[in-house]
2 protein chains.
Amino acid sequence: MTDSNPNASLTAPSIPGDALPPVEQHAQQYATVRNAHETELIEDYVELIGDLLAHRGEARAADIANRMAVSQATVSKMIRRLNELELVTSKPYRSLFLTEAGQKMAETSRARHDIVLHFLRALGVRDATARIDAEGMEHHVSDETLSIMQRFTEQQQKN
Amino acid sequence: MTDSNPNASLTAPSIPGDALPPVEQHAQQYATVRNAHETELIEDYVELIGDLLAHRGEARAADIANRMAVSQATVSKMIRRLNELELVTSKPYRSLFLTEAGQKMAETSRARHDIVLHFLRALGVRDATARIDAEGMEHHVSDETLSIMQRFTEQQQKN
DNA sequence: CAAACAGTTTAGCCTTGGCTAACAATATTG
DNA sequence: CAATATTGTTAGCCAAGGCTAAACTGTTTG
């Protein structure tokens, strides 16, 4: 008997209002995070490629490597994966482009990222900090929270 | 010439108020996230072990496996790492305990986690969602943002 | 137009964090 | 107290995402 120990209160005084969540729920939390981690990097690449295309007209591997502070070899390998996932198209030694699916993902990520970033600024976080936090947080914010953040930001701007 | 293309505006119309951050800052963002990812899992384990000890009086590998929805083998391997990092002490087939350093980490993580969770609830996010989001977000929230969240929650509770 | 430079790719390595299967130790119980 | 069930460990596999070094392609320029 490992969990759900009826004698727990004998060995450790229960801490009121701060109990462990039920196992299934707890497991769900961790599983969701692990899941997010799998798509996270992919989304970051796609989002960045989308941004480079929008702002520069082209997305080169070297740009990505610089902006992600990662070696070109790493980028090259990643591009192969993005290709396999049919998120980008690429001819060797040429700029990258996004497929339909890639564009969709880029837009979604971008929107999500912006909502979080604007929310943090509306909350009073300094820009540089907000950017760093947003980059890390964006993949872990549910749609529910996202729409609450959006409403909050709009509300803030009215005042 | 890869970045900082002076002709960018000729190929892509600049999107006002939404430019790419300077390369160094951009790189910093990604680097920070990558860095967080390295400690994230460790912190989650240590935090969970701390919680189990507090609420149950003991932390068994099987509990951790159940709550993280991960195989016992994975937990066993991870415990070896935590041991090497001198965050936990363990005798085979016995409950785990936290070292000084482990306790410190557990407390910090726990506090951080709680601030984010309470903030999300104060913001109006449903409990189940808040728990999932908090689990993912906690490792990506800077101290600056954290203290703003805390203030916000306190403010909210006064009203 | 050849040489030099910049950009890209490939090969091969490493660590992490998962997994299953097989085995070992401890606990529970008929 | 022996049999069974639970718990823990080990071995060996895999994919992801880093890296460096070396080879290759494309572009620029003397």
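Labels below follow one simple rule: chain letters A, B, ... track the order of the sequence lines, proteins then strands, and each chain is numbered from 1.
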Residues 120-131 of chain A side chain polar contacts: donor-acceptor under 3.5 Å, at least two apart:
from    : atom 1 : to      : atom 2 : distance (Å)
R121(A) : NH1    : D127(A) : OD1    : 2.4
R126(A) : NE     : E144(B) : OE1    : 3.4
R126(A) : NH2    : T129(A) : OG1    : 3.3
R126(A) : NH2    : E144(B) : OE1    : 3.4
D127(A) : OD2    : R131(A) : NE     : 3.0
T129(A) : OG1    : E144(B) : OE1    : 2.5

Can you list everything that forms a side-chain hydrogen bond (donor to acceptor under 3.5 Å, both in side chains) with [X]? Sequence neighbours excluded, please.
X	answer
H113(A)	E47(A), E138(A)
Q150(B)	none
R112(A)	D143(A)
S142(A)	T145(A), D133(B)

What residue pairs, at least two apart or across chains, pass side chain to side chain donor-acceptor pair (under 3.5 Å) with a residue in residues 89-105 of chain A?
N83(A)-S90(A)
Separation of dT6(D) C1' from E58(B) CD (nearest whole Å):
14 Å
Whole angstrom value for the distance that separates C1' of dT9(D) from CD1 of I64(B):
14 Å
Distance-only donor-acceptor hits, side chain of residues 73-81 of chain A, under 3.5 Å, sequence neighbours excluded:
from   : atom 1 : to     : atom 2 : distance (Å)
T74(A) : OG1    : S71(A) : OG     : 3.0

Of all residues at least two apart in sequence or in a different chain, which pass the side-chain contact (heavy atoms from CB on, under 4.5 Å) check with E43(B)?
T39(B), M105(B), S109(B), H139(B)
Under the side-chain contact (heavy atoms from CB on, under 4.5 Å) test, which residues partner A111(A), sequence neighbours left out?
none
For R94(B) and for A69(B), find the nucleotide of DNA chain C with the closest heavy atom, then tell me which residue's nucleotide is more 5'.
A69(B)
Output yes when at least one side-chain N/O atom of R34(A) is less than 4.0 Å from OP1 or OP2 of dG17(C), else no.
no
Do we see a donor-acceptor contact under 3.5 Å between the side chains of E40(B) and H37(A)?
yes
For DNA chain C, the residues among residues 35-46 of chain A that have a non-hydrogen atom under 4.0 Å from it
none
Protein-nucleic acid N or O pairs under 3.5 Å, nucleotides 20-22 of chain D:
none

Which of residues 75-93 of chain A have a heavy atom under 4.0 Å from DNA chain D?
K77(A), M78(A), R81(A), Y93(A)
